[in-house]
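Protein chains get the first letters and strands the later ones, always in sequence-line order, with residue 1 at the start of each.
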2 protein chains.
Amino acid sequence: MLKYSGQTRVLVAVDCIIFGFDGESYKLLLIQRGFAPEKKKWSLMGGFVQPEESVDEAANRILKELTGLENVYMEQLHTFGALARDPVERTIAVAYFALIDIQKYEKQLSKEYHAEWFPFKDMPDLIFDHGQMVEMAKNRLRYKASLHPILFELLPEKFTLPQLQALYEGLYDTTFDKRNFNRKLLSTGLFLKQQDKDKDSSKKGAFFYKLDQSKYLTNFEAFLKFIPNPEKFLIT
Amino acid sequence: MLKYSGQTRVLVAVDCIIFGFDGESYKLLLIQRGFAPEKKKWSLMGGFVQPEESVDEAANRILKELTGLENVYMEQLHTFGALARDPVERTIAVAYFALIDIQKYEKQLSKEYHAEWFPFKDMPDLIFDHGQMVEMAKNRLRYKASLHPILFELLPEKFTLPQLQALYEGLYDTTFDKRNFNRKLLSTGLFLKQQDKDKDSSKKGAFFYKLDQSKYLTNFEAFLKFIPNPEKFLIT
DNA sequence: GCAAAAGTGTTTCCTCTACACCCATGG
DNA sequence: CCATGGGTGTAGAGGAAACACTTTTGC
(Lines give C-alpha, C1' and ligand atoms only; values in the text may rest on other atoms or scores of the structure.)
Protein backbone atom coordinates (compact mmCIF):
# COMPACT_ATOMS: atom_id res chain seq x y z
CA MET A 1 0.00 0.00 0.00
CA LEU A 2 1.13 3.53 -0.77
CA LYS A 3 1.93 5.79 2.15
CA TYR A 4 1.94 9.51 2.69
CA SER A 5 5.61 10.39 2.40
CA GLY A 6 7.60 12.89 4.37
CA GLN A 7 5.20 13.04 7.30
CA THR A 8 5.95 12.34 10.91
CA ARG A 9 3.95 9.71 12.75
CA VAL A 10 3.24 10.07 16.43
CA LEU A 11 2.01 7.97 19.32
CA VAL A 12 -1.69 8.18 20.07
CA ALA A 13 -2.88 7.27 23.52
CA VAL A 14 -6.32 6.93 25.06
CA ASP A 15 -7.01 8.01 28.64
CA CYS A 16 -10.20 7.17 30.50
CA ILE A 17 -11.84 9.29 33.15
CA ILE A 18 -13.97 6.76 35.01
CA PHE A 19 -16.75 8.17 37.18
CA GLY A 20 -18.53 6.33 39.95
CA PHE A 21 -21.04 7.28 42.62
CA ASP A 22 -21.28 5.44 45.92
CA GLY A 23 -24.45 7.03 47.21
CA GLU A 24 -22.51 9.70 49.03
CA SER A 25 -20.06 11.22 46.66
CA TYR A 26 -18.60 11.11 43.18
CA LYS A 27 -15.38 9.23 42.68
CA LEU A 28 -12.80 8.66 40.00
CA LEU A 29 -10.97 5.43 39.44
CA LEU A 30 -7.25 6.11 39.27
CA ILE A 31 -4.28 3.81 38.92
CA GLN A 32 -0.82 3.91 40.28
CA ARG A 33 1.54 3.72 37.36
CA GLY A 34 3.68 0.62 37.38
CA PHE A 35 6.19 1.90 34.88
CA ALA A 36 8.39 4.89 34.20
CA PRO A 37 8.11 7.77 33.82
CA GLU A 38 6.30 8.91 36.92
CA LYS A 39 6.25 5.39 38.33
CA LYS A 40 4.13 5.17 41.48
CA LYS A 41 2.39 8.41 40.69
CA TRP A 42 -1.36 8.46 40.23
CA SER A 43 -2.73 8.56 36.75
CA LEU A 44 -5.79 7.96 34.64
CA MET A 45 -6.09 4.52 33.10
CA GLY A 46 -4.71 4.74 29.61
CA GLY A 47 -2.88 3.00 26.84
CA PHE A 48 -1.71 3.35 23.29
CA VAL A 49 -3.96 2.89 20.32
CA GLN A 50 -2.98 -0.35 18.62
CA PRO A 51 -2.61 -0.83 14.87
CA GLU A 52 -5.68 -3.04 14.50
CA GLU A 53 -8.23 -1.14 16.56
CA SER A 54 -10.08 2.13 16.17
CA VAL A 55 -9.64 4.81 18.78
CA ASP A 56 -13.07 4.07 20.21
CA GLU A 57 -12.21 0.42 20.42
CA ALA A 58 -9.02 1.26 22.22
CA ALA A 59 -11.01 3.22 24.78
CA ASN A 60 -13.37 0.32 25.36
CA ARG A 61 -10.50 -2.11 25.62
CA ILE A 62 -8.75 0.02 28.19
CA LEU A 63 -11.91 0.47 30.22
CA LYS A 64 -12.51 -3.24 30.19
CA GLU A 65 -8.97 -4.02 31.23
CA LEU A 66 -9.41 -2.04 34.40
CA THR A 67 -13.04 -2.62 35.29
CA GLY A 68 -14.08 -5.79 33.48
CA LEU A 69 -17.06 -3.86 32.13
CA GLU A 70 -18.37 -3.60 28.60
CA ASN A 71 -21.31 -1.74 27.07
CA VAL A 72 -20.81 1.06 29.48
CA TYR A 73 -21.68 4.67 28.86
CA MET A 74 -18.58 6.26 27.42
CA GLU A 75 -18.13 9.42 25.46
CA GLN A 76 -15.17 11.05 23.79
CA LEU A 77 -14.18 14.10 25.78
CA HIS A 78 -11.37 15.91 24.01
CA THR A 79 -8.05 15.37 22.35
CA PHE A 80 -5.00 16.74 24.07
CA GLY A 81 -2.23 17.58 21.69
CA ALA A 82 0.25 19.89 23.40
CA LEU A 83 3.81 19.34 22.30
CA ALA A 84 5.40 18.39 25.59
CA ARG A 85 2.46 16.83 27.40
CA ASP A 86 4.35 13.56 27.71
CA PRO A 87 8.03 14.17 28.51
CA VAL A 88 9.19 10.87 27.07
CA GLU A 89 8.00 11.26 23.55
CA ARG A 90 5.40 13.20 21.69
CA THR A 91 2.05 11.57 22.38
CA ILE A 92 -1.38 12.79 21.48
CA ALA A 93 -4.03 11.70 23.95
CA VAL A 94 -7.69 11.17 23.21
CA ALA A 95 -9.58 11.38 26.49
CA TYR A 96 -12.86 9.57 27.12
CA PHE A 97 -15.09 9.64 30.13
CA ALA A 98 -17.16 6.72 31.34
CA LEU A 99 -19.98 6.41 33.85
CA ILE A 100 -20.16 3.10 35.62
CA ASP A 101 -22.15 1.51 38.39
CA ILE A 102 -19.54 1.45 41.08
CA GLN A 103 -20.91 -1.88 42.40
CA LYS A 104 -20.27 -3.66 39.17
CA TYR A 105 -16.62 -3.25 38.46
CA GLU A 106 -14.32 -6.13 39.16
CA LYS A 107 -12.28 -5.37 42.21
CA GLN A 108 -9.86 -8.05 41.20
CA LEU A 109 -8.73 -6.17 38.12
CA SER A 110 -8.47 -2.96 40.06
CA LYS A 111 -6.04 -4.63 42.38
CA GLU A 112 -3.78 -5.73 39.59
CA TYR A 113 -3.49 -2.15 38.45
CA HIS A 114 -3.21 -0.74 41.97
CA ALA A 115 -6.36 1.20 41.27
CA GLU A 116 -8.33 3.16 43.79
CA TRP A 117 -11.47 5.26 43.88
CA PHE A 118 -10.84 8.85 44.90
CA PRO A 119 -13.56 11.32 45.81
CA PHE A 120 -13.40 14.64 43.98
CA LYS A 121 -12.33 16.50 47.10
CA ASP A 122 -9.50 14.20 47.88
CA MET A 123 -7.72 13.63 44.61
CA PRO A 124 -3.98 13.18 44.41
CA ASP A 125 -1.92 15.08 41.90
CA LEU A 126 -1.95 13.36 38.58
CA ILE A 127 0.78 12.92 36.01
CA PHE A 128 1.11 14.91 32.81
CA ASP A 129 -2.04 16.82 31.90
CA HIS A 130 -4.38 14.31 33.51
CA GLY A 131 -5.53 16.86 36.08
CA GLN A 132 -6.66 19.09 33.28
CA MET A 133 -8.49 16.17 31.65
CA VAL A 134 -10.31 15.47 34.89
CA GLU A 135 -11.39 19.08 35.25
CA MET A 136 -12.72 19.12 31.74
CA ALA A 137 -14.55 15.85 32.28
CA LYS A 138 -16.20 17.15 35.45
CA ASN A 139 -17.35 20.27 33.66
CA ARG A 140 -18.64 18.28 30.73
CA LEU A 141 -20.53 15.92 32.98
CA ARG A 142 -22.11 18.79 34.90
CA TYR A 143 -23.07 20.45 31.68
CA LYS A 144 -24.52 17.41 30.03
CA ALA A 145 -26.34 16.13 33.09
CA SER A 146 -28.11 19.45 33.49
CA LEU A 147 -29.89 18.83 30.21
CA HIS A 148 -29.87 15.12 29.51
CA PRO A 149 -30.76 11.99 31.43
CA ILE A 150 -27.30 10.61 31.80
CA LEU A 151 -26.47 10.25 35.47
CA PHE A 152 -28.57 7.10 35.83
CA GLU A 153 -25.67 5.28 34.28
CA LEU A 154 -24.01 5.66 37.65
CA LEU A 155 -26.80 3.96 39.58
CA PRO A 156 -27.76 0.32 39.95
CA GLU A 157 -30.86 -0.93 38.19
CA LYS A 158 -33.11 -0.11 41.13
CA PHE A 159 -32.78 3.16 42.96
CA THR A 160 -34.85 5.44 45.17
CA LEU A 161 -35.79 9.07 44.83
CA PRO A 162 -33.56 10.13 47.73
CA GLN A 163 -30.65 8.36 46.04
CA LEU A 164 -31.44 10.20 42.84
CA GLN A 165 -31.45 13.48 44.65
CA ALA A 166 -28.13 12.73 46.30
CA LEU A 167 -26.79 11.92 42.85
CA TYR A 168 -27.69 15.34 41.50
CA GLU A 169 -26.80 17.23 44.63
CA GLY A 170 -23.41 15.59 44.72
CA LEU A 171 -22.56 16.57 41.18
CA TYR A 172 -23.47 20.21 41.65
CA ASP A 173 -22.36 20.37 45.27
CA THR A 174 -25.59 21.97 46.36
CA THR A 175 -28.99 21.00 47.72
CA PHE A 176 -32.36 20.99 46.02
CA ASP A 177 -35.86 21.19 47.40
CA LYS A 178 -37.03 17.60 47.42
CA ARG A 179 -40.62 18.38 46.44
CA ASN A 180 -39.59 20.34 43.39
CA PHE A 181 -36.86 17.88 42.54
CA ASN A 182 -39.07 14.82 42.70
CA ARG A 183 -41.77 16.52 40.70
CA LYS A 184 -39.35 17.51 37.97
CA LEU A 185 -37.71 14.13 37.69
CA LEU A 186 -40.96 12.18 37.74
CA SER A 187 -42.50 14.51 35.18
CA THR A 188 -40.01 13.24 32.61
CA GLY A 189 -41.91 9.98 32.60
CA LEU A 190 -38.64 8.08 32.57
CA PHE A 191 -39.21 6.26 35.83
CA LEU A 192 -41.27 3.25 36.78
CA LYS A 193 -42.24 2.97 40.42
CA GLN A 194 -41.63 -0.48 41.86
CA GLN A 195 -43.61 -2.25 44.54
CA ASP A 196 -40.74 -2.76 46.92
CA LYS A 197 -38.84 -0.40 49.12
CA ASP A 198 -35.28 0.17 50.13
CA LYS A 199 -35.35 -0.25 53.88
CA ASP A 200 -31.65 0.13 54.46
CA SER A 201 -31.38 3.86 54.69
CA SER A 202 -34.50 4.72 56.67
CA LYS A 203 -37.12 3.19 58.85
CA LYS A 204 -40.02 4.09 56.64
CA GLY A 205 -38.22 2.88 53.54
CA ALA A 206 -38.15 4.54 50.13
CA PHE A 207 -39.79 3.08 47.07
CA PHE A 208 -37.53 1.74 44.38
CA TYR A 209 -37.75 3.02 40.84
CA LYS A 210 -36.41 1.66 37.60
CA LEU A 211 -35.73 3.41 34.36
CA ASP A 212 -38.34 2.87 31.71
CA GLN A 213 -35.84 1.47 29.27
CA SER A 214 -37.83 2.16 26.12
CA LYS A 215 -38.42 5.79 27.04
CA TYR A 216 -34.90 6.13 28.32
CA LEU A 217 -33.37 5.02 25.06
CA THR A 218 -35.57 7.20 22.89
CA ASN A 219 -35.26 10.23 25.16
CA PHE A 220 -31.61 9.83 25.82
CA GLU A 221 -30.74 12.87 23.81
CA ALA A 222 -33.82 14.73 24.92
CA PHE A 223 -33.36 18.25 25.97
CA LEU A 224 -34.59 18.57 29.49
CA LYS A 225 -33.84 20.96 32.23
CA PHE A 226 -32.82 18.84 35.16
CA ILE A 227 -31.48 21.39 37.52
CA PRO A 228 -32.65 24.87 38.40
CA ASN A 229 -30.48 27.82 37.43
CA PRO A 230 -27.88 25.85 35.53
CA GLU A 231 -25.93 28.99 34.74
CA LYS A 232 -24.82 29.07 38.34
CA PHE A 233 -22.96 25.83 38.03
CA LEU A 234 -21.76 25.39 34.51
CA ILE A 235 -18.65 26.16 32.58
CA THR A 236 -18.64 25.87 28.82
CA MET B 1 15.64 11.03 24.81
CA LEU B 2 14.07 7.74 25.77
CA LYS B 3 11.13 6.53 23.72
CA TYR B 4 8.24 4.21 24.36
CA SER B 5 9.31 0.98 22.71
CA GLY B 6 7.24 -1.49 20.77
CA GLN B 7 4.44 0.92 19.96
CA THR B 8 3.15 1.90 16.57
CA ARG B 9 3.08 5.55 15.59
CA VAL B 10 0.39 6.88 13.30
CA LEU B 11 -0.33 9.94 11.23
CA VAL B 12 -2.47 12.58 12.87
CA ALA B 13 -4.35 15.00 10.67
CA VAL B 14 -6.43 18.06 11.40
CA ASP B 15 -9.56 18.84 9.39
CA CYS B 16 -11.40 22.15 9.58
CA ILE B 17 -15.11 22.67 9.11
CA ILE B 18 -15.32 26.34 8.20
CA PHE B 19 -18.73 27.96 8.55
CA GLY B 20 -19.83 31.20 6.93
CA PHE B 21 -23.12 33.07 6.61
CA ASP B 22 -23.86 35.39 3.71
CA GLY B 23 -27.07 36.93 5.04
CA GLU B 24 -29.17 34.30 3.31
CA SER B 25 -27.80 30.92 4.14
CA TYR B 26 -25.08 29.02 5.89
CA LYS B 27 -22.12 27.86 3.88
CA LEU B 28 -19.09 25.69 4.25
CA LEU B 29 -15.73 26.37 2.69
CA LEU B 30 -14.56 23.28 0.85
CA ILE B 31 -11.52 22.63 -1.26
CA GLN B 32 -10.94 20.52 -4.29
CA ARG B 33 -8.11 18.18 -3.51
CA GLY B 34 -5.08 18.72 -5.68
CA PHE B 35 -3.45 15.42 -4.85
CA ALA B 36 -4.19 11.73 -4.71
CA PRO B 37 -6.09 9.93 -3.42
CA GLU B 38 -9.45 11.34 -4.42
CA LYS B 39 -7.83 14.07 -6.48
CA LYS B 40 -10.41 16.58 -7.72
CA LYS B 41 -12.94 15.44 -5.15
CA TRP B 42 -14.29 17.90 -2.61
CA SER B 43 -12.89 17.81 0.86
CA LEU B 44 -12.52 19.73 4.07
CA MET B 45 -9.36 21.75 4.43
CA GLY B 46 -6.89 19.67 6.36
CA GLY B 47 -3.29 18.75 6.92
CA PHE B 48 -0.98 16.69 9.03
CA VAL B 49 0.13 17.72 12.48
CA GLN B 50 3.79 18.67 12.28
CA PRO B 51 6.47 17.66 14.78
CA GLU B 52 6.95 21.14 16.19
CA GLU B 53 3.35 22.25 16.66
CA SER B 54 0.52 21.30 18.98
CA VAL B 55 -2.69 19.98 17.50
CA ASP B 56 -4.45 23.28 18.19
CA GLU B 57 -1.63 25.13 16.47
CA ALA B 58 -1.95 22.86 13.49
CA ALA B 59 -5.64 23.70 13.25
CA ASN B 60 -4.93 27.41 13.35
CA ARG B 61 -2.19 27.07 10.77
CA ILE B 62 -4.46 25.19 8.41
CA LEU B 63 -7.27 27.66 8.83
CA LYS B 64 -4.91 30.51 8.11
CA GLU B 65 -3.50 28.84 5.03
CA LEU B 66 -6.91 28.76 3.44
CA THR B 67 -8.54 31.93 4.71
CA GLY B 68 -5.71 34.22 5.76
CA LEU B 69 -7.54 34.65 9.08
CA GLU B 70 -6.19 34.42 12.60
CA ASN B 71 -7.82 34.81 16.01
CA VAL B 72 -10.98 33.32 14.68
CA TYR B 73 -13.49 31.39 16.72
CA MET B 74 -12.47 27.76 16.50
CA GLU B 75 -13.34 24.81 18.66
CA GLN B 76 -12.27 21.20 18.68
CA LEU B 77 -15.14 19.06 17.48
CA HIS B 78 -14.21 15.41 17.71
CA THR B 79 -11.47 12.96 16.89
CA PHE B 80 -12.17 10.42 14.20
CA GLY B 81 -10.20 7.25 14.64
CA ALA B 82 -11.79 4.50 12.55
CA LEU B 83 -9.27 2.06 11.16
CA ALA B 84 -9.86 2.53 7.46
CA ARG B 85 -11.04 6.11 7.34
CA ASP B 86 -8.15 7.01 5.07
CA PRO B 87 -7.51 4.27 2.52
CA VAL B 88 -3.89 5.22 2.00
CA GLU B 89 -2.60 4.80 5.47
CA ARG B 90 -3.95 4.80 8.95
CA THR B 91 -4.62 8.41 9.91
CA ILE B 92 -6.38 9.75 12.94
CA ALA B 93 -8.17 13.02 12.29
CA VAL B 94 -8.89 15.71 14.83
CA ALA B 95 -11.74 17.83 13.49
CA TYR B 96 -12.21 21.48 14.38
CA PHE B 97 -14.96 23.85 13.41
CA ALA B 98 -14.49 27.55 12.81
CA LEU B 99 -16.91 30.45 12.45
CA ILE B 100 -15.73 33.24 10.23
CA ASP B 101 -17.08 36.46 8.80
CA ILE B 102 -17.51 35.43 5.20
CA GLN B 103 -16.53 38.93 4.02
CA LYS B 104 -13.14 38.76 5.61
CA TYR B 105 -11.48 35.73 4.16
CA GLU B 106 -8.91 36.22 1.46
CA LYS B 107 -10.36 35.16 -1.84
CA GLN B 108 -6.87 34.93 -3.24
CA LEU B 109 -5.93 32.04 -1.00
CA SER B 110 -9.20 30.30 -1.71
CA LYS B 111 -8.36 30.35 -5.37
CA GLU B 112 -5.03 28.72 -4.85
CA TYR B 113 -6.74 25.85 -3.11
CA HIS B 114 -9.65 25.72 -5.54
CA ALA B 115 -11.91 26.45 -2.60
CA GLU B 116 -15.59 27.26 -2.82
CA TRP B 117 -18.41 28.10 -0.47
CA PHE B 118 -21.26 25.58 -0.56
CA PRO B 119 -24.66 26.11 1.03
CA PHE B 120 -25.84 23.30 3.29
CA LYS B 121 -28.52 22.21 0.84
CA ASP B 122 -26.17 21.97 -2.05
CA MET B 123 -23.13 20.18 -0.76
CA PRO B 124 -21.12 17.81 -2.90
CA ASP B 125 -20.12 14.39 -1.65
CA LEU B 126 -16.98 14.63 0.42
CA ILE B 127 -14.03 12.30 0.66
CA PHE B 128 -13.42 9.85 3.47
CA ASP B 129 -15.53 10.54 6.54
CA HIS B 130 -15.70 14.27 5.95
CA GLY B 131 -19.44 14.13 5.42
CA GLN B 132 -19.84 12.67 8.86
CA MET B 133 -17.63 15.40 10.30
CA VAL B 134 -19.80 18.04 8.69
CA GLU B 135 -22.98 16.53 10.09
CA MET B 136 -21.50 16.44 13.54
CA ALA B 137 -20.31 20.02 13.24
CA LYS B 138 -23.75 21.22 12.17
CA ASN B 139 -25.36 19.47 15.12
CA ARG B 140 -22.80 20.85 17.50
CA LEU B 141 -23.27 24.35 16.20
CA ARG B 142 -27.05 24.10 16.50
CA TYR B 143 -26.71 22.80 19.99
CA LYS B 144 -24.24 25.34 21.20
CA ALA B 145 -25.91 28.30 19.54
CA SER B 146 -29.18 27.49 21.26
CA LEU B 147 -27.56 28.22 24.59
CA HIS B 148 -24.57 30.45 24.01
CA PRO B 149 -23.88 33.68 22.14
CA ILE B 150 -21.70 32.26 19.45
CA LEU B 151 -23.27 32.94 16.06
CA PHE B 152 -22.15 36.56 16.09
CA GLU B 153 -18.77 35.30 15.06
CA LEU B 154 -20.31 34.82 11.63
CA LEU B 155 -21.44 38.43 11.27
CA PRO B 156 -19.53 41.60 10.45
CA GLU B 157 -18.94 44.12 13.20
CA LYS B 158 -22.18 45.96 12.49
CA PHE B 159 -25.40 44.08 11.89
CA THR B 160 -29.13 44.62 12.08
CA LEU B 161 -31.84 42.82 13.99
CA PRO B 162 -33.38 41.36 10.82
CA GLN B 163 -29.95 40.02 9.88
CA LEU B 164 -29.64 38.50 13.32
CA GLN B 165 -32.98 36.83 12.95
CA ALA B 166 -32.06 35.45 9.54
CA LEU B 167 -28.90 34.10 11.14
CA TYR B 168 -30.84 32.12 13.70
CA GLU B 169 -33.63 31.12 11.38
CA GLY B 170 -31.14 29.85 8.85
CA LEU B 171 -29.38 27.62 11.33
CA TYR B 172 -32.56 25.99 12.58
CA ASP B 173 -34.34 26.13 9.24
CA THR B 174 -37.43 27.63 10.76
CA THR B 175 -38.99 31.02 11.45
CA PHE B 176 -39.38 32.92 14.70
CA ASP B 177 -41.79 35.62 15.76
CA LYS B 178 -39.79 38.78 15.36
CA ARG B 179 -41.26 40.52 18.40
CA ASN B 180 -40.37 37.69 20.72
CA PHE B 181 -37.05 37.15 19.02
CA ASN B 182 -35.94 40.76 19.25
CA ARG B 183 -37.05 41.01 22.83
CA LYS B 184 -35.14 37.92 23.82
CA LEU B 185 -31.95 38.90 22.05
CA LEU B 186 -31.97 42.47 23.30
CA SER B 187 -32.71 41.31 26.84
CA THR B 188 -29.29 39.70 26.96
CA GLY B 189 -27.82 43.18 27.07
CA LEU B 190 -25.12 42.11 24.63
CA PHE B 191 -26.02 44.63 21.94
CA LEU B 192 -25.34 48.29 21.49
CA LYS B 193 -27.69 50.16 19.20
CA GLN B 194 -25.92 52.39 16.71
CA GLN B 195 -27.11 55.68 15.26
CA ASP B 196 -26.96 54.63 11.65
CA LYS B 197 -29.11 52.34 9.60
CA ASP B 198 -28.61 49.73 6.95
CA LYS B 199 -30.57 51.04 4.01
CA ASP B 200 -29.62 48.32 1.58
CA SER B 201 -32.21 45.73 2.40
CA SER B 202 -35.29 47.87 2.93
CA LYS B 203 -36.65 51.30 2.28
CA LYS B 204 -37.19 52.15 5.89
CA GLY B 205 -33.78 50.88 6.88
CA ALA B 206 -32.85 48.87 9.96
CA PHE B 207 -30.71 50.16 12.77
CA PHE B 208 -27.25 48.73 13.10
CA TYR B 209 -26.14 47.08 16.30
CA LYS B 210 -22.72 46.15 17.60
CA LEU B 211 -21.73 43.62 20.20
CA ASP B 212 -20.91 45.08 23.57
CA GLN B 213 -17.44 43.56 23.57
CA SER B 214 -16.91 43.63 27.31
CA LYS B 215 -20.23 41.94 28.04
CA TYR B 216 -19.75 39.59 25.13
CA LEU B 217 -16.43 38.34 26.40
CA THR B 218 -17.59 37.86 29.97
CA ASN B 219 -20.90 36.29 28.96
CA PHE B 220 -19.48 34.15 26.24
CA GLU B 221 -20.01 31.01 28.19
CA ALA B 222 -23.26 32.22 29.67
CA PHE B 223 -26.12 29.87 29.64
CA LEU B 224 -28.93 31.50 27.77
CA LYS B 225 -31.90 30.16 25.97
CA PHE B 226 -31.71 31.66 22.54
CA ILE B 227 -34.32 29.70 20.72
CA PRO B 228 -37.74 28.50 21.77
CA ASN B 229 -38.34 24.78 22.12
CA PRO B 230 -34.78 23.71 21.46
CA GLU B 231 -35.71 20.06 21.84
CA LYS B 232 -37.39 20.26 18.46
CA PHE B 233 -34.15 20.99 16.71
CA LEU B 234 -31.28 19.47 18.53
CA ILE B 235 -29.38 16.25 18.41
CA THR B 236 -26.96 15.46 21.19
C1' DG C 1 -49.97 56.44 -2.72
C1' DC C 2 -48.53 52.03 -2.28
C1' DA C 3 -45.57 48.17 -1.55
C1' DA C 4 -42.12 46.31 1.49
C1' DA C 5 -39.79 45.72 5.45
C1' DA C 6 -38.93 47.64 10.39
C1' DG C 7 -40.47 48.28 14.69
C1' DT C 8 -43.27 47.97 18.78
C1' DG C 9 -47.03 46.04 23.55
C1' DT C 10 -50.21 43.30 25.76
C1' DT C 11 -52.52 39.29 27.38
C1' DT C 12 -52.55 34.58 28.47
C1' DC C 13 -50.62 30.60 29.97
C1' DC C 14 -47.61 27.80 32.01
C1' DT C 15 -43.51 26.74 34.39
C1' DC C 16 -40.58 27.57 38.21
C1' DT C 17 -40.03 28.35 42.94
C1' DA C 18 -40.78 28.80 47.68
C1' DC C 19 -42.58 26.82 51.46
C1' DA C 20 -44.47 23.12 55.93
C1' DC C 21 -46.74 19.33 57.49
C1' DC C 22 -48.07 14.35 57.88
C1' DC C 23 -46.65 9.42 57.42
C1' DA C 24 -44.48 5.06 58.38
C1' DT C 25 -41.43 2.49 60.91
C1' DG C 26 -37.64 0.51 63.95
C1' DG C 27 -35.80 0.93 68.00
C1' DC D 1 -43.54 6.96 71.89
C1' DC D 2 -40.30 9.23 69.57
C1' DA D 3 -36.68 10.09 66.30
C1' DT D 4 -35.63 9.63 61.53
C1' DG D 5 -36.14 10.09 56.92
C1' DG D 6 -39.97 9.62 53.09
C1' DG D 7 -43.53 11.60 50.90
C1' DT D 8 -46.90 15.10 49.34
C1' DG D 9 -49.83 20.15 47.61
C1' DT D 10 -50.47 24.94 46.79
C1' DA D 11 -50.09 29.75 45.97
C1' DG D 12 -47.49 33.46 43.86
C1' DA D 13 -44.22 35.27 40.55
C1' DG D 14 -41.87 35.44 36.39
C1' DG D 15 -40.89 34.01 31.80
C1' DA D 16 -42.47 32.31 27.30
C1' DA D 17 -45.54 32.42 23.56
C1' DA D 18 -49.23 34.08 20.73
C1' DC D 19 -50.94 37.72 18.46
C1' DA D 20 -51.67 42.77 14.69
C1' DC D 21 -51.05 47.21 13.73
C1' DT D 22 -48.25 51.51 12.80
C1' DT D 23 -44.12 53.61 10.74
C1' DT D 24 -40.93 54.83 7.17
C1' DT D 25 -39.54 55.64 2.64
C1' DG D 26 -38.20 54.53 -2.26
C1' DC D 27 -40.35 54.00 -6.24
Tabulate protein N/O versus nucleotide N/O from nucleotides 21-23 of chain D, keeping only pairs under 3.5 Å, one per line.
residue	atom	partner	partner atom	Å
D/dT23	O2	B/K204	NZ	3.0

From [atom1] of [X] over to [atom2] of [N], roughly how many Å is that when rounded to an integer?
X	N	atom1	atom2	answer
B/D200	C/dA5	CG	C1'	14 Å
B/D198	D/dG26	CG	P	13 Å
A/D177	D/dG7	CG	C1'	12 Å
B/N182	C/dG9	CG	P	12 Å
A/F207	D/dG5	CZ	P	19 Å
B/K184	C/dG7	NZ	C1'	19 Å
B/K197	C/dA5	NZ	P	15 Å
A/F176	C/dC19	CZ	C1'	17 Å

Next on the checklist: So, taking the atom named CG in B/L141 and the one named CD1 in B/I150, what distance separates them when rounded to the nearest 0.5 Å?
Outcome noted: 6.0 Å

When you measure from the side chain of [X], which nucleotide among [options] comes out closest?
X	options	answer
B/R183	D/dT8, C/dA5, C/dG9	C/dG9
B/K203	D/dG26, C/dG9, C/dA18	D/dG26
A/R179	C/dG7, D/dG6, D/dT8	D/dT8
A/A206	D/dG7, D/dC19, C/dG7	D/dG7
B/K199	D/dT25, D/dG7, D/dG9	D/dT25
A/N180	C/dT17, C/dG7, C/dA5	C/dT17

Item to check | Whether B/Y172 and B/Y168 hold their rings parallel, tilted or perpendicular, with breakpoints at 30° and 60° | outcome: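 The arrangement is parallel - the two ring planes meet at less than 30°.
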
Checklist entry - Going by the angle between their ring planes, with limits at 30° and 60°, are B/F21 and B/Y26 parallel, tilted or perpendicular? => result tilted

Checklist entry - Would you say the side-chain atoms of B/N60 and B/Y96 include a donor-acceptor pair closer than 3.5 Å? => result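 Distance-only check fails for B/N60 and B/Y96.
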
For a quick test of your reading: what N or O donor-acceptor pairs under 3.5 Å do the side chains of residues 105-123 of chain B make, sequence neighbours left out?
residue	atom	partner	partner atom	Å
B/Y105	OH	B/W117	NE1	3.2
B/Y113	OH	B/E65	OE1	3.0

Checklist entry - So what does B/S201 touch, heavy atoms closer than 4.0 Å: a base, only the sugar-phosphate, or nothing? => result sugar-phosphate

Item to check | Centroid-centroid under 6.0 Å between A/F207 and A/F191 rings | outcome: no

Checklist entry - Got a sec, which pairs hit salt bridge (Lys or Arg N to Asp or Glu O under 4.0 Å) with one end in residues 146-167 of chain A, sequence neighbours left out? => result A/E157-A/K210, A/K158-A/D196

